There are 2 protein chains.
Amino acid sequence: MKKTIITFSMISISLLGLFQISKYSITKGSINIESIIAIIAVIFLFIGMWLNKKSPKEKKSDTIINTERISSLGISEREYKILQKISEGYSNKEIGDQLYVSESTVKTHVSNLFQKLDVKRRTQAVQKSKDLNIL
Amino acid sequence: MKKTIITFSMISISLLGLFQISKYSITKGSINIESIIAIIAVIFLFIGMWLNKKSPKEKKSDTIINTERISSLGISEREYKILQKISEGYSNKEIGDQLYVSESTVKTHVSNLFQKLDVKRRTQAVQKSKDLNIL
DNA sequence: GCTATTTTGGTACTTTAGTATGAGTCATTT
DNA sequence: AAATGACTCATACTAAAGTACCAAAATAGC
C-alpha cells in the first residue's frame, strides 16, 4: 500500500517535471520534440519494468497444475485430495479424520493412487507428482 | 530471441509513429504537448511492464538453500544427506545401500533428524524442510 | 432404469517406519 | 589424556504404511 502511493507520487512528480522541461526547451528551441519523446519513453519503459519487478514477489508458485495429466493418469478427485494431504505430511489416520472417512478408505485410495503414479512410497508419490506438475 | 527482435521492432515502429503524430499535432495546434507526453508515458509504462512479465519465465528455482538454518537446527552433514534422500523418495534400506551404511544407521539418523526438525513422519520432514528453505 | 465408475469400508497380512537404548569407533577440542 | 560430538551398528519393540481381496453404497452417464 505505502509502496504504491510512493510509486505513483514519484511518477506524478516526474511527469510534472518533464512538462516543465519540455515547455522551456521547446520555447527556447534548444531541444527538439523527438528527443524529449525518446527520453520520456525510455524513462517510463524502465519505470514499467521496475514496477513489475516488485509486484510478483507475493506469489511465487507459478507452476500451473496440469489438470490434464491428472485425468490422463486416471486419478480421481478423492485420490487427488488424498495426494495433497500426503504432501502436507499427514498420516492415513489424520487424512481420514480430516475427510470424515475411515483409515481403511484412505489406505485403499492411497494404494490405488500409487499404482496410477507407479510408485511404492508416499514420499515417492510426492516427488513424482511435483515433477509431473500435478502438485 | 525471435521475441526480442519482434519486441524491439514494435517499439521502434511505435516511436516513429508517435514522432509523426506529435509533429503533425503540434504544427496543427490541435493537441498540446502535455497530452502527448502523458500518452507516451502511459504507453511505455505498459510496454515496460509487459516486457518484464515475459522475462522471468526462464529461471525457476530461486530458492536459495539456507545453510545457516541447517546448522542452527544442529543438523549434521550425514543427517542432511539422508534428508535429501528421503525427499527423493527412497526407503531407509535404499538410503543405506546408497550411502554404504546399514539400515540401522539410517534409522538412527532419521530419528535424530526428526527430533531436530520437530516432526513425526518423513513426509512432514520434507514439507517442513522446504518451508524452511533447507531443501 | 441400468451400467460404469467412484467412493466407501472391512479383514488379514507383510513390509517399512520410527523409537528407545546401549555401545563402539574416530577425529577434534580442551 | 580426557571429553566432546559425529557416525556407526545392533536389538527389541511399537506404530504406521502398504497390499490383497472382497463387497456394498453412492454417483454419474447413457
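Here the structure is a predicted model, which means the values were calculated and not measured. All chains are named by letter (A, B, ...) in the order of the sequence lines, taking the proteins before the strands, and each is independently numbered beginning at 1.
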Does B:I75 offer a backbone N or O that forms a donor-acceptor pair with the side chain of B:K116 under 3.5 Å?
no
Less than 4.5 Å apart, side chain to side chain, heavy atoms only: is that true for A:R121 and A:F114? no
Per the under-4.0 Å heavy-atom filter, residues of residues 111-129 of chain A near DNA chain D come out as A:S111, A:F114, A:K120, A:R121, A:R122
Those residues at least two apart in sequence (or on a different chain) that pass salt bridge (Lys or Arg N to Asp or Glu O under 4.0 Å) with A:E88 are none
Shortest non-hydrogen pair, B:I70 vs B:Y80, comes out as CD1-CE1, 3.7 Å
Rounded to 10°, the helix from C:dG1-D:dC30 to C:dT30-D:dA1 deviates from straight, judged by its five-pair end axes, by 50°
With a 4.0 Å cut-off (strictly under) to non-hydrogen atoms of chain B, the first and last hit nts on DNA chain C, 5' to 3', are C:dA17 to C:dT19
Output for pair (B:S91 OG, B:I86 CD1), nearest 0.5 Å, gives 10.5 Å
In short, side chain to side chain donor-acceptor pair (under 3.5 Å) pairs touching residues 67-78 of chain A with sequence neighbours left out are A:S76-A:E79
Tightest non-hydrogen contact, residues B:L135 and B:S87, listed as CD1-CB, 3.8 Å
Contacted region of DNA chain D by chain A, from 5' end to 3' end of the hits, cut-off under 4.0 Å to heavy atoms, spans D:dA17 to D:dT19
Exercise answer: donor-acceptor pairs, residues 124-132 of chain B side-chain atoms, under 3.5 Å, sequence neighbours excluded:
from: B:Q124; atom 1: OE1; to: B:K120; atom 2: N; distance (Å): 3.2
from: B:K128; atom 1: NZ; to: B:L117; atom 2: O; distance (Å): 3.3
from: B:S129; atom 1: OG; to: B:A125; atom 2: O; distance (Å): 2.6

Numerically ordered, the residues 94-105 of chain B set in heavy-atom contact under 4.0 Å with DNA chain C is none
Residues passing the side chain to side chain donor-acceptor pair (under 3.5 Å) test with B:Q98, sequence neighbours excluded, are B:K85
The side chain to side chain donor-acceptor pair (under 3.5 Å) partners of A:D97 (sequence neighbours excluded) come to A:K93
Within residues 75-92 of chain A, the residues having a heavy atom closer than 4.0 Å to DNA chain C are A:S76, A:E77, A:R78
Donor-acceptor pairs are to be reported for all side-chain atoms of residues 105-113 of chain B against protein atoms at under 3.5 Å, with residues two or more places apart or in another chain.
from: B:T105; atom 1: OG1; to: B:S102; atom 2: OG; distance (Å): 3.0
from: B:T108; atom 1: OG1; to: B:S104; atom 2: O; distance (Å): 2.9
from: B:N112; atom 1: ND2; to: B:T108; atom 2: O; distance (Å): 3.2

